[in-house]
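Since the structure comes first, as structure tokens, the remarks are kept for the end.
Naming: A, B, ... by sequence-line order, numbering from 1 per chain. Bear in mind the structure is a predicted one, so any value in this text is a computation, not a measurement.
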Number of protein chains: 2
Amino acid sequence: MENHSDILKRNGLSVTESRKKILELFLDSEGALAHADIEKNTDVAFDRVTVYRTLQTFVDKGIIHQIPTTDNSILYALCKHNCQQGHHHDNHVHFICNSCDKTFCLDDVTVPDVKLPKGFTPAQAAMVVTGVCIDCKG
Amino acid sequence: MENHSDILKRNGLSVTESRKKILELFLDSEGALAHADIEKNTDVAFDRVTVYRTLQTFVDKGIIHQIPTTDNSILYALCKHNCQQGHHHDNHVHFICNSCDKTFCLDDVTVPDVKLPKGFTPAQAAMVVTGVCIDCKG
DNA sequence: TAAAACTTGCAACATTATTGCAAAAATCTT
DNA sequence: AAGATTTTTGCAATAATGTTGCAAGTTTTA
């Protein structure tokens, strides 16, 4: 079973306290995390700058991916599939619950292809669905 | 032919210089605008706060809609169809060009339905495609 | 274990966003 | 059309968020 350090090593990263802790946060959390979530977590008391740099490093290495939102914040979530450096395979749909505000990676729901107008060449597609999640329904 | 003031009146808004100018910017621009685009526009010299509040008002009234991005900025674009207050119909796909960075509302491309896992109830769906636009191809 | 490479935290700074309130402008009323 | 009412604006202050350089501290390499 692969642990924090293994994931870091596999990606050619030095194994440091901050990276282990932040990675652990992602492994322990079901949904996606915003920068603020990580900074506010009482267990983690790293410098803001370290959090910014760690998240950027993880994105670069393909350990986490970004989820687009309309509220001026970036959400980050673990890449479940094998993402290579600079080549993400996070083509799954994201679900943001209007009730509990949690964000889910629907790993089994693939972003469908769409037919673009003539002249437009797609490279990547992201899809975000809002609504009520399985924990808040009823 | 409906002009700036008509649109504002129709939405129950006072007709003011800032609202007319900002709305004009949207009517004149093909793509979507970020807050910074509006603020940096030389023709518009309003207070930052006014721009924030005007954009929020326009969103509330359904005159413009927000486009999700992964770069910590919110893009705004005119609602082409009749959006009612608090009830947007901006269910079209957005395209962001990696070359010129312009954002297009593909009004004729509808966001496809996806089958969500059991327990998830969708309310709204957004889709953003990146790639090369019609102006930059070749 | 020492040297090399990398990471962290601090400090300073830059940008972006929010709130209260008084002045100014737009709308309403007569 | 002029004053009263309502709404909007701009300023000031404050908060939140993001970036960069550099010295000190860690991790990795050999």
Side-chain angles (χ1 to χ4, degrees), chain A residues 3-26 32-61 63-64 66-76 85 101 103, chain B residues 3-26 32-61 63-64 66-76 85 101 103:
Chain A
N3 66 16
H4 322 150
S5 304
D6 295 333
I7 296 176
L8 293 172
K9 281 182 197 149
R10 175 161 54 79
N11 284 282
L13 293 174
S14 309
V15 178
T16 67
E17 278 309 305
S18 26
R19 286 181 181 163
K20 278 193 287 185
K21 272 272 173 84
I22 291 175
L23 187 48
E24 184 172 11
L25 275 181
F26 277 106
L33 298 174
H35 176 100
D37 295 328
I38 294 162
E39 218 181 312
K40 277 163 197 153
N41 188 299
T42 45
D43 290 358
V44 182
F46 303 114
D47 196 86
R48 302 171 44 70
V49 179
T50 300
V51 177
Y52 281 114
R53 293 197 269 225
T54 303
L55 289 173
Q56 188 55 56
T57 302
F58 284 2
V59 170
D60 291 345
K61 290 294 182 179
I63 299 171
I64 60 177
Q66 297 174 307
I67 303 169
T69 66
T70 51
D71 70 343
N72 242 358
S73 76
I74 304 180
L75 289 173
Y76 299 88
Q85 184 161 355
D101 271 336
T103 298
Chain B
N3 66 16
H4 322 150
S5 306
D6 295 333
I7 296 176
L8 293 172
K9 282 183 197 150
R10 175 160 55 77
N11 285 281
L13 293 173
S14 309
V15 178
T16 67
E17 277 309 305
S18 26
R19 288 181 179 161
K20 278 193 288 185
K21 272 271 172 84
I22 292 176
L23 186 49
E24 184 172 11
L25 274 181
F26 278 106
L33 299 174
H35 176 102
D37 295 328
I38 294 164
E39 218 181 312
K40 276 163 196 152
N41 187 300
T42 44
D43 291 357
V44 181
F46 304 115
D47 196 88
R48 300 175 47 72
V49 179
T50 300
V51 176
Y52 281 114
R53 292 198 269 225
T54 303
L55 290 173
Q56 188 56 56
T57 302
F58 284 3
V59 169
D60 290 344
K61 291 293 182 179
I63 299 172
I64 60 178
Q66 298 174 305
I67 303 168
T69 66
T70 51
D71 69 345
N72 240 0
S73 75
I74 305 180
L75 290 174
Y76 299 88
Q85 183 161 356
D101 271 336
T103 298

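Look at OH on Tyr52(A): it is 13 Å from P on dT16(C), rounded to the nearest Å. Across the protein-nucleic acid pair, Asn11(A) atom CG and dC6(C) atom P stand 16 Å apart, rounded to whole Å. Straight-line distance from the NZ atom of Lys9(A) to the P atom of dT28(D): 7 Å, rounded to whole Å. Distance, Leu75(B) CG to dT16(C) P: 13 Å, rounded to whole Å. Lys40(B) has its NZ atom 8 Å from the P atom of dT15(C), to the nearest Å. If you measure from atom NE2 of His35(B) to atom P of dT15(C), you get 13 Å, rounded to the nearest angstrom. The distance between atom CG of Leu55(A) and atom C1' of dT7(C), rounded to the nearest whole Å, is 15 Å. Remark: C1' of dT15(C) and CZ of Arg48(A) are 12 Å apart, rounded to the nearest angstrom.
Annotation: side chain of Ile38(A) is in contact with side chain of Phe26(A) (closest heavy-atom distance under 4.5 Å). Counting heavy atoms from C-beta outward, Tyr52(B) and Gln56(B) have side chains that stay 4.5 Å or more apart. For the pair Ser73(A) and His35(A), the minimum side-chain heavy-atom distance is 4.5 Å or more. Taking the side chain as every heavy atom from C-beta outward, Phe46(B) and Thr54(B) never approach each other to under 4.5 Å. Side-chain contact between Arg19(B) and His4(B): absent, with no pair of heavy atoms (C-beta onward) separated by less than 4.5 Å.
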What string of B, S and - do you get for nucleotides 4-12 of chain D 5' to 3' if you count protein non-hydrogen atoms under 4.0 Å?
---SSBBBB

Working for side chain to side chain contact (heavy atoms under 4.5 Å, CB included), residues Asn3(B) and Asp6(B)
CA-CA 5 Å; Asn3(B) 66 16; Asp6(B) 295 333; 3.1 Å; yes

